Amino acid sequence: MSLMERDPNAPSVWRGEMQVTNRYTFGIAGERFFRSIKNEGRILGTHCKSCDRMYVPAAAFCERCLSQLDEWVDVGIVGEVVTFTHLYVNFDGSRRQEPETIVFIKMGDGGIIHRLILNDNEHVSIGMQAQAVFKPPAEREGSILDISHFELLLN
Amino acid sequence: MSDKISNYPGTSLSEKDIRDGKVLSIHDEMPGGFAWDTGIAIGRYLAGLREGMILGSTCVHCRKTVVPPRTVCEWCFRPMDDFVPLQDTGTVNTYSLCYVTWDVKRIKEPETPAVIDLDGASPLHGILHKLGDVDPQQIAIGMRVQAVWKPENEREGAITDILYFKPIEE
Amino acid sequence: MSMRKVAVIGAGMTKFVRRAQETGKELSWQATHMALESCELTMDDIEAVCLGTAPDAFDGVHMNGEYLSDGAGAWRKPYMRSYVGGGTGVFVPIQGWYHVASGMFDLVLVVAEEKMSSYFPHAQGAFLTIFDHTTERPLKPNLLWIFALEMNRYMQTYGISKEDIAQVAVKNKRNAADHPSALLGDADITVEDVLNSEVLAWPVNRLDVSPVSDGAVALVLAAEHVAKRLTDKPVWIEGVGWNLDTAYWTNRDLAYPRYVEYAARMAYDMAGIKEPRKQINIVEPYDPFDYKELHHLEGLLLADRGQAPQMVVDGITQRDGDMPVCPSGGLLGVGNPIAAAGLMKVAEIFWQLRGEAGARQVPGQPKRGLAQAWGDLMQVGTVVIMGR
Amino acid sequence: MSDRVAIIGVGWSGYRPITPELSYKELMYEAALRAYNDAGVDPRRDIESFVTVAEDFHEGTSIFDEYTPDQLGAVLKPMHTISGDGLHGLATAFMLVKTGQFSIVAVEGHSKASNILSMPGVVAYAQDPVLNRPLRINTHFIAGMEMNRYLVDSDTTQQQCAQVVVKNKRNALDNPSAPYGAKLTLEDVLSGPPLSWPLGVRETAEHADGAIVLVIASEEKALALSDRPIWILGCGWSNDSPGLENRDWGQAHYVKGAAQLAYRQAGINSPFQAIDFAEVDDLYAYKELQTLEALGIFGHGEAGQVTEEGLTHKDGSLPVNVSGGSLGMGNLLDANGLARALEVVLQLRGNAGSRQLEDVNIGLAQSWRGVPTASGAVAIFGN
């Protein structure tokens, strides 16, 4: 589609970095949600009265009706495995020798996405109960990483 | 304003609020490596720069010579007819004396970006580059300039193979 | 074929601040929630949502439109994000307009959000990557360059002084003193203050530039039959226009924004406006830099080329002048959270035409107003004309 | 409002794993030139508005819309970008024509995925920066978790998902534009390496480069310019919650919402009866099954079984992804939906070469924006 001649010796690619460096605040709801994880080891939700939904992690607003949410509720640290996966790739796409297990644990009408650490001979399945394991208080910074991982709660 | 609005939301923070941890925050950075294919037109443009030559492309139909070169004429949507070597001299179309870096830190000696209309290209067709070898206060629109090239063995096929444009007497 | 009429029936906005604690989602929600309350609607009434936000690098989220969707009220609704760089804020209502004018939807939310402070260490960093990656970025250009280059060309072409241009900054920052959401309102600022502020990139001084900000704005758009049911003060979108010039910005004359003219002509045609200088009562042209307001007034055909500065000098563009320009305080005064700032201008026209602009209300019960934004590499114009 | 809206021209370039000889602009130009030639229009004279779909981080350029007009013939014309899938772009063009203000509009989408050196990092930047991204989990986990829940909820098997791969890669062998065709057995797929169990690497579409341009016209223009316009009978698009914590992990609500809107316009009550063939998202193999159910073409939990029975094969009663789908053509990033719309147009025109279906009158195209989104669109076409 070109009348112009291609130069086989021309540089074929130009390399560069797209610099994207950010600092995020946690927001109005995130501030309180993560402070309570950090300071008290408690997971909080917010309840929407008009939709009767419990948002976990706590949200400032109901995504369904856009009401402001100010009813804060401790939802405990135990929930049901909604789904999980054994992941064979690292964040950067490189292959893992051993998979890591990622879970979504239901709390209220939402829940928490995190890693699940399985003990020897343990197998996870949908519907099992799991509980959050927190880092020691001194190591918590106010982050989703203040929860170290989840572990299965065996009856 | 609308009678119903009594209070405008939005919580203002100072840099100190964040730095001191009064509110929580987190940093991140995207791994943003790219290798953009240069293609027919820009590949040749870079090859030309490596040879110490600025290439444009010409559309016979529109009687236009443009720079940097492209394979299609954006005005008539016909394929460009050919590459054309331009001169490395030109005229300052506009310029600035920039006293701050991109993140708004002061610098003493201003950077001197300019649009330089190149000889051999159609009127008002130029490229972005910098001016050098000149007292910034002496720069003026309409000034005649010429490219100062990197030594041949240091050129890599990049717009930075031209170090800057300097004023010339004619 | 007659076009469906589209009205603006509600508006909301957050404060424009330098650094917001709210996440981008929360800012979007605050503005959206306020817009719905202003016309007493709920999310059940809304049929589709349009979002505008400028580069993803600011919020620091890839596919930022998806990330912001819940805050904009998009849950299980048709939702799209439009994008024309700095022109986005005035483009989103155009996007909302075609959602309704097409007959597809009757009630649509239009939301614009920007959280520039999430780019770290400085929001300007996001602009380093707007230049051509191969032919320009290696020169490490910053955003100020292109404005300075354009301003210089404009001044030189028409022999305009920095003093005259500085009057725009003074007018807008003074106007913004009356805006409850404004970041940089200043009732006492003078031309000397602007001229004596530090030189960033000659001819641009610090007070020639609008401030980096966070904020969000939302509107509710309705089809004619719905608008008439919901309000006795609908503000009609009479004309829209947008236009994109070549990306090769060093291959054209920067002294005149022809893309703004083309966008304006499209909007005037649609609105049936033959004599814009007589028929437009209030103007909110895009003013991220003070010279831009002048540049845009010329592109909008509201001033002759090179003559806009005289309008400012003569006081015509003051809030009580013959053609008030940026009665809101503009980006220079209210702040410049890019997409949100553009939509703020449309919201301002809405409030002005309804007589709800409080201390900023222009006298004489204006009938028709125009909002315009600009963006990309000196390249895109977006125009909305609204009338009572 | 105008009456009907048609596609009167199609053009594409690619699709290939790499396109090192062309810049992204040249790739777009190639597709545009073909589309305009196909439609018999001159973009400078005839096309009144242009739409591109693109995301900044796929391009490595902030405010990428700057670089869209020149190679499409759109300079000094009303042009804008939609940060969405190609079918969002198509829906935008559809609305623009429906306003009555525009009679010919072009839509463009492209992928230069091969130029992105750090794709996992770019994709991960779409995760919530506070709630999820700090965990540093590869974004494919979302597909693995969704597939797991979908299999359980719908009684679908891994074998049935693998069958989608066998079918689509086989179909791709008949599509000269599809670089990832292969003749595989079920065993080949199932024995491949796991990616995010139960999801396997071979059930995941690889990226490809390419560009697609469609020319859309009002009924009046379409009838004047084209002897075989393909009518857009309906389009819809929808979002579910962007929050991973607020989603239904088993079902694709974004597909349901989009389909409802499109069906309503097209007057379709029973999609299985009305639709002759479909091109649906298969960025991950299970997505084809989950999507077919969400589209209401098959009942909940039926798509896997009918796939095994061959109903969605090329010679089945409702062929799905005859093009080869994303598994066969490659993941074209924001252009995925346009590749699907293009295939539907080619089939309805009778221009699909050796993969041409017989007696087809109504086709459906659907797309998803990929992990971590819950966003997608549907379009229905008729000849």
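Chain letters run A, B, ... following the sequence lines, proteins first, then strands; residues in each count from 1. Please read all numbers here as calculations on a predicted model, not as lab measurements.
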Check: C/Thr129 and A/Glu17 side chains under 4.5 Å, non-hydrogen atoms: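 The answer is no; the side chains never approach within 4.5 Å.
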
4.5 Å side-chain heavy-atom contact, C/Thr42 and A/Cys65: no

Leading residue by heavy atom contact count with chain C [cutoff under 4.5 Å; candidates A/Gln19, A/Glu63, A/Arg64]: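 Greatest number of close heavy-atom pairs with chain C: A/Arg64.
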
Has [X] got a side-chain atom pairing as donor or acceptor with [Y]'s backbone, closer than 3.5 angstrom?
| X | Y | answer |
| --- | --- | --- |
| A/Asn22 | C/Ser118 | yes |
| C/Tyr119 | A/Arg23 | no |
| A/Thr21 | C/Phe120 | yes |

Shortest non-hydrogen separation from C/Pro138 to A/Trp14 and the atoms involved: CG-CZ2, 3.4 Å

Can you confirm whether [X] is buried at [atom1], in the sense that more than 12 heavy atoms of other residues, nucleotides or ligands lie under 6.0 Å from that atom?
| X | atom1 | result |
| --- | --- | --- |
| C/Lys140 | NZ | no |
| A/Gln131 | CD | yes |
| A/Arg96 | CZ | yes |

Side chain to side chain contact (heavy atoms under 4.5 Å, CB included) assessment of A/Phe61 paired with C/Asp70: CA-CA 9 Å; A/Phe61 60 92; C/Asp70 49 357; 4.2 Å; yes

Side chain, backbone, both or neither: which part of [X] has an atom under 4.5 Å from a heavy atom of chain A?
| X | value |
| --- | --- |
| C/Asp59 | backbone |
| C/Ile46 | neither |
| C/Ser69 | neither |
| C/Lys77 | neither |
| C/Pro55 | neither |
| C/Ala74 | neither |

Nearest 0.5 Å please: distance from the [atom1] atom of [X] over to the [atom2] atom of [Y].
| X | Y | atom1 | atom2 | result |
| --- | --- | --- | --- | --- |
| C/Thr134 | A/Arg15 | OG1 | CZ | 12.0 Å |
| A/Ile28 | C/Glu22 | CD1 | CD | 4.0 Å |
| C/Leu41 | A/Leu66 | CG | CG | 12.0 Å |
| C/Met43 | A/Cys62 | CE | SG | 10.0 Å |

Heavy-atom proximity to chain C below 4.5 Å, by part of A/Ala59: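 No part of it gets close to chain C.
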
Interface residue of largest heavy-atom contact number with chain A, from C/Arg76, C/Glu26, C/His133, C/Lys25, under 4.5 Å: C/Glu26

Derivation of the side chain to side chain contact (heavy atoms under 4.5 Å, CB included) call for A/Gln68 and C/Trp29: CA-CA 9 Å; A/Gln68 182 168 344; C/Trp29 159 68; 3.7 Å; yes

Residues which pass salt bridge (charged side-chain N to carboxylate O under 4.0 Å, His left out) with A/Glu31, listed by chain and number, not counting sequence neighbours: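 Partners of A/Glu31 under the salt bridge (charged side-chain N to carboxylate O under 4.0 Å, His left out) test: A/Arg35.
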
